[in-house]
J.: 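Here it is: the structure, laid out below.
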Amino acid sequence: MHERWDHGRSVHGYFAHCAVGVLSWTYRFGLPGQFRWENFATAWSDADMGRGLGNSALIAVATGAGVAVIAGCAAYALTRLSLPAPGLFIMYLLVAGSLPIQLFLVPLLSLWTKIGLYDNRFGLIVIYWAVYSPFATLLIRTFLLAIPKDYEAAARLDGAGEIMVFTRIVFPLIWSGVLTAALVAGLQAYNEFLLAVTFIQDSTKLPVSVALFSFQQGLSPNWALVSAAGLIMVLPVLVLFVVLNRRFVEGYTSSGMSG
């Protein structure tokens, strides 16, 4: 059933990419009268997409790595350490993950300006860590709950500390879940627009997701260039998915997210 559902979503995604590809060769809706390869070159140069892709890659990788470390440590503490009222921490994560980020834009903007993190890629990455870590913590926690504690108990009897138990025993058993959490967080950061356009003003630091906005002409966007830029933007994600497809689907289905 899961396999059939995953294939259905893949087919839906392929149709969506085909629609974007058709639009990228045209200047308006409809089938292309002729292929316009220059739309890709125009989109690449006008939106400075090379620099944008580099910024997005840096932000996505740093976000995924940071979320993996933060969420992994938090999930380990929630499932393996004797914390007071761990249910309250889980409730806090659920509430924090459900609140819309728009509630925090004004105070965050004021705070980030005062401490020098405004218009700074590291400042944006820190916000992504805070936004995406609650869900990643709950995701990795599901992997930890399924792992027996016998190996950890044996390691502690041999004198291993908590850091060694986590890095040498636990992490190799849950690394597919950590990889899934990192990929989800990285892809969310790669596609995110609102926080990026709010906290980054320098055009040389903007991620590629903001580049699509540069083709807005008054109230009517240039759909051909928007679609061409969107196709360029999605290509690195497709390559990453092809490379890590097996591990990502393994972690996705093992966590129970697929239903």
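Computed over heavy atoms, backbone and side chain alike; hydrogens, waters and symmetry mates excluded.
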J.: With side chains defined as the heavy atoms from C-beta onward, is the minimum distance between D48 and S203 less than 4.5 Å?
T.: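 Result no, sub-4.5 Å side-chain heavy-atom pair not found.
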J.: For F166, is the CZ atom crowded, meaning more than 12 foreign heavy atoms sit under 6.0 Å from it?
T.: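 For F166, atom CZ is crowded (more than 12 foreign heavy atoms under 6.0 Å).
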J.: Using only heavy-atom distances, determine whether the side chains of Y76 and E162 contain a donor-acceptor pair under 3.5 Å.
T.: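 Result is yes, a qualifying pair exists.
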J.: Does I163 share a hydrophobic cluster with L157, counting links as ILVMFWY side-chain heavy atoms below 4.5 Å and allowing steps through other members?
T.: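 Cluster IDs for I163 and L157 differ.
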J.: Do you reckon L139 sits in the same ILVMFWY cluster as L179, going by side-chain contacts under 4.5 Å, direct or chained?
T.: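 Yes, it is one cluster - the side chains of L139 and L179 are joined through contacts under 4.5 Å.
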J.: Output, in order, the C-alpha distance, side-chain angles, deciding distance and verdict of side-chain contact (heavy atoms from CB on, under 4.5 Å) for V67 and S133.
T.: CA-CA 5 Å; V67 167; S133 289; 3.9 Å; yes
J.: Do you reckon V197 sits in the same ILVMFWY cluster as V131, going by side-chain contacts under 4.5 Å, direct or chained?
T.: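 Cluster IDs for V197 and V131 match.
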J.: Between CG of L183 and OG of S176, what distance do you get to the nearest 0.5 Å?
T.: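 It is 11.0 Å, given to the nearest 0.5 Å.
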J.: Is it the case that over 12 heavy atoms from other parts of the model lie below 6.0 angstrom from the CG atom of L145?
T.: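 Yes, CG of L145 has more than 12 neighbouring heavy atoms, counting only those of other groups under 6.0 Å.
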J.: Step by step, work out the side-chain contact (heavy atoms from CB on, under 4.5 Å) result for V210 and I200.
T.: CA-CA 10 Å; V210 183; I200 301 292; over 6 Å; no
J.: Identify the heavy atoms of A60 and G186 that sit nearest to each other, and give their distance.
T.: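 Scanning both residues completely, I find the closest heavy atoms to be CB-O, 3.5 Å.
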J.: Looking at S56 and V208, what are the two nearest heavy atoms and their distance?
T.: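 The answer is OG-N, 2.7 Å.
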J.: Check whether any side-chain heavy atom of R80 lies under 4.5 Å from a side-chain heavy atom of I147, and answer yes or no.
T.: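 Contact flag for R80/I147 side chains = yes.
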J.: What closest approach, in Å, do T198 and Y118 show between heavy atoms, and which atom pair accounts for it?
T.: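 It is O-CE1, 3.4 Å.
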J.: Considering all heavy atoms of both residues, which atom of N55 and which atom of L206 are nearest to each other, and what is their separation?
T.: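 Heavy atoms only, the tightest pair is ND2-O, 3.0 Å.
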J.: Looking only at heavy atoms, what is the nearest atom pair of N39 and A228, with distance?
T.: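 For N39 versus A228, the nearest heavy atoms are O-CB, 3.8 Å.
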J.: Can you find a pair of side-chain heavy atoms, one from F122 and one from L58, that are under 4.5 Å apart?
T.: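 No. Closest side-chain heavy atoms not under 4.5 Å.
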J.: Considering residues, nucleotides and ligands other than Y92, do more than 12 of their heavy atoms fall under 6.0 Å from its OH?
T.: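 12 or below, so no.
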J.: Could you check whether any side-chain heavy atom of Y190 comes within less than 4.5 Å of a side-chain heavy atom of T63, counting everything from C-beta outward?
T.: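 No - every pair of side-chain heavy atoms lies 4.5 Å or more apart.
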J.: Look up atom CG in L94 and atom CZ in F89, then write down how far apart they are to the nearest 0.5 Å.
T.: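 Interatomic distance, L94 CG to F89 CZ, rounded to 0.5 Å: 14.0 Å.
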J.: Check the pair W44, L53 against side-chain contact (heavy atoms from CB on, under 4.5 Å), reporting the backbone distance first and the verdict last.
T.: CA-CA 10 Å; W44 180 271; L53 285 171; 3.7 Å; yes
J.: Would a 4.5 Å heavy-atom cut-off, applied to side chains only, mark L144 and L78 as touching?
T.: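 No; the side chains remain at least 4.5 Å from each other.
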J.: Taking atom CG of L83 and atom CG of L88, what is their separation to the nearest 0.5 Å?
T.: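 So the CG of L83 and the CG of L88 are separated by 11.0 Å.
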J.: Under the side-chain contact (heavy atoms from CB on, under 4.5 Å) criterion, do F104 and L99 qualify, and how do the steps go?
T.: CA-CA 9 Å; F104 310 104; L99 292 175; 3.9 Å; yes
J.: Using 30° and 60° as the class limits, which term best fits the ring planes of Y132 and Y128: parallel, tilted or perpendicular?
T.: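 The arrangement is parallel - the two ring planes meet at less than 30°.
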J.: Heavy-atom distance under 4.5 Å between the side chains of M233 and S209, does that happen here?
T.: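 Yes. Closest side-chain heavy atoms under 4.5 Å.
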J.: Output the distance between atom CD (Q188) and atom CG (N191), rounded to the nearest 0.5 Å.
T.: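 Here the rounded value is 9.0 Å.
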J.: Are any non-hydrogen side-chain atoms of S110 and T113 less than 4.5 angstrom apart?
T.: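 The answer is no; the side chains never approach within 4.5 Å.
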J.: Distance check, rounded to the nearest 0.5 Å: I59 atom CD1 versus E192 atom CD?
T.: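 If I round to the nearest 0.5 Å, the distance is 9.5 Å.
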J.: If you look at every heavy atom in D202 and D119, which pair is closest and at what distance?
T.: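 So the two residues come closest at N-OD1, 2.9 Å.
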J.: Measure the spacing between CH2 of W112 and CG of N120 and express it to the nearest 0.5 Å.
T.: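 That separation rounds to 10.5 Å.
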J.: Side chains of L105 and F199: closer than 4.5 Å at any heavy-atom pair?
T.: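 Yes. Closest side-chain heavy atoms under 4.5 Å.
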